[in-house]
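Any value given below was found using the heavy atoms of this structure, including those in side chains, with hydrogens, waters and symmetry copies removed. Only a predicted model underlies this, so the values are computations on that prediction, with no experimental measurement involved. Letters go in sequence order (proteins before strands), and every chain restarts at 1.
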Number of protein chains: 2
Amino acid sequence: MARTAEKLDEKIRARNIRIILDVATDVFSRKGFDGTRIAEIAELAELPKANIYYYFSSKEEIYSTIIANLIEGWDDALSKLRADREPAEALADYVRTKLEYTRKFPRESRLFASEIIQGARFLSQKDRAHMRAATDTYAAVLERWMQEGRMAKIDARHFFIMLWGATQFYSDFEPLACDALHTRRISAADYDRAAETIVATILGGVIPRTETTERS
Amino acid sequence: MARTAEKLDEKIRARNIRIILDVATDVFSRKGFDGTRIAEIAELAELPKANIYYYFSSKEEIYSTIIANLIEGWDDALSKLRADREPAEALADYVRTKLEYTRKFPRESRLFASEIIQGARFLSQKDRAHMRAATDTYAAVLERWMQEGRMAKIDARHFFIMLWGATQFYSDFEPLACDALHTRRISAADYDRAAETIVATILGGVIPRTETTERS
DNA sequence: GTCTATAGGTAGATAGAC
DNA sequence: GTCTATCTACCTATAGAC
């Protein structure tokens, strides 16, 4: 009897925490940390405001919990860049994976962007160190490809920044992207076309080679 | 006598408005609209809070005034893309101008990014229409180059989005850029290297051509 | 675990003396 | 034009009944 009640409580508890984090992600991503009101999170979660404080001790704790969960998406895409793969194929895969992430989790992507713009106040030193290390690892992969003559010699870190900026734009700056594409919403097809354009541009460039050169 | 007093008042007025807008740009860019406190603007401007309300009727009016002034930077860079120029040269010029703008006005760039992330709530319909028209105009220039065989056939609008994302990253997401580049501040030299990398990548691509192909 | 009521603090904006 | 004092509203967070 006591056991059953405990299990039920545990279920309700897990469900409420999940709902709170879900709607909080939505509000934080649209209004930033300071612009978000606990009352709005409570309303969307369909819980009394006091219950939010039953599960989390403060607004900051909710926010930090979400931030900490975001770093994973970063790793997944970068892991596509294995040194033993064909550079063109690996890079195309990376761009597509990164765009897929931002398409599937636009709120999370925006929340992260908002946090960085405001100076990365709540991004922990541990998470930052982890991201720095990941960048180092994969910059080394690109540099190895360059030494092997399988990739043009450019600055790997600036190249990464270029890809991050290009891929995140679609969710983070959605109103601008919609205006540019003359659409009211960025569709899955738009994301596909974005991937196609980015991949074609970074792999082959946009300026045709001398007249005698043929594209295979 | 009245004349002299009037002129003096006018000078003080212009100076105070300038100072208020300047420090407001700083605070808004770091904390967003909702996170910004009028009291902080007053403190940095070294004026009593009530005086802010003497010059501006509301927090929103200060914010909107700044936003409206930002659109100019957009035009300056795009104007480099004239149809009669050599594509490679024009595109390189565009990237450098855009990076120069974000380097010179990082606060303005961040403020604009923050406004867009939060849903472009205060960006006027007039300003949005203007930006859409500019995008259309310059997408047409790129499409003409493509038809003339002077540029690879890609999606011009997605290509623009790619360049916007890549160039804005350095000021908007500065903490991430610093981590990636292992530096505490993005220097002018870093911006130069960014321009070099972006230009090399978009013009020529990163994957070497077949063995028989020579780079001119 | 849930909820009402409220404490305690701070925000945007204004009144009115100077 | 400047500034002190203050109004009103709303926010985060908590106390305590159920």
Notebook entry, point to check: Could you give the CD1-to-P distance, from B:Ile12 to D:dT2, as a whole number of Å?
Noted result: 6 Å
Checklist line | d(CD1, B:Ile41; C1', C:dG12) in whole Å | finding: 12 Å
Margin query: What is the separation between atom OH on B:Tyr54 and atom C1' on C:dA17, rounded to the nearest whole Å?
Written below: 16 Å
Item checked: Selection from C:dA15, C:dT4, C:dT2 that lies nearest to any side-chain heavy atom of A:Ala50 -> C:dT4
Checklist line | Any residue meeting side-chain hydrogen bond (donor to acceptor under 3.5 Å, both in side chains) with B:Arg185, in chain and number order, not counting sequence neighbours | finding: none
Next item on the list: Using atom CD of B:Glu46 as one end and atom P of D:dC3 as the other, report the distance to the nearest whole Å.
Entry: 11 Å
Next item on the list: Not counting sequence neighbours, list each pair that qualifies as a side-chain hydrogen bond (donor to acceptor under 3.5 Å, both in side chains) and has a residue in residues 188-200 of chain B.
Entry: A:Asp155-B:Arg193, B:Ser187-B:Asp190
Item checked: Pairwise salt bridge (Lys or Arg N to Asp or Glu O under 4.0 Å) hits with a residue in residues 46-63 of chain B, at least two apart -> none
Check: To the nearest Å, how far apart are A:Arg13 CZ and C:dT2 P?
Finding: 10 Å
Margin query: Do the side chains of A:Lys104 and A:Glu100 get close enough for a salt bridge, i.e. N-O under 4.0 angstrom?
Written below: yes
Notebook entry, point to check: Does the distance from a Lys or Arg side-chain N to an Asp or Glu carboxylate O, for B:Arg30 and B:Asp26, drop under 4.0 Å?
Noted result: yes
Next item on the list: When you get a sec, tell me which of C:dT2, D:dT2, C:dT14 is the closest nucleotide to the side chain of B:Asn51?
Entry: D:dT2
Item checked: Euclidean distance, atom CD1 of residue B:Ile52 to atom P of D:dT4 [Å, nearest integer] -> 14 Å
Next item on the list: Could you list all the salt bridge (Lys or Arg N to Asp or Glu O under 4.0 Å) pairs where at least one residue sits in residues 163-174 of chain A, not counting sequence neighbours?
Entry: A:Arg110-A:Glu174
Next item on the list: Rounded off to whole Å, could you give me the CD1-to-P distance for the B:Ile20 and D:dG1 pair?
Entry: 12 Å
Margin query: Expressed as a whole number of angstroms, how long is the span from A:Asn16:CG to C:dC3:C1'?
Written below: 13 Å
Note to self: Classify B:Phe56 by what it touches in the nucleic acid, base, sugar-phosphate, or nothing, heavy-atom distance under 4.0 Å.
What the structure shows: nothing
Check: Considering only C:dT2, D:dC3, D:dT2, which nucleotide approaches the side chain of B:Pro48 most closely?
Finding: D:dC3
Margin query: Strictly by side-chain hydrogen bond (donor to acceptor under 3.5 Å, both in side chains), give each pair with a member in residues 33-44 of chain A just once, sequence neighbours left out.
Written below: A:Lys31-A:Glu40, A:Asp34-A:Arg121
Note to self: Treating primed atoms plus P, OP1 and OP2 as sugar-phosphate and everything else as base, which nucleotides of nucleotides 7-13 of chain D get B, S or - for protein heavy atoms under 4.0 Å?
What the structure shows: ----SBB
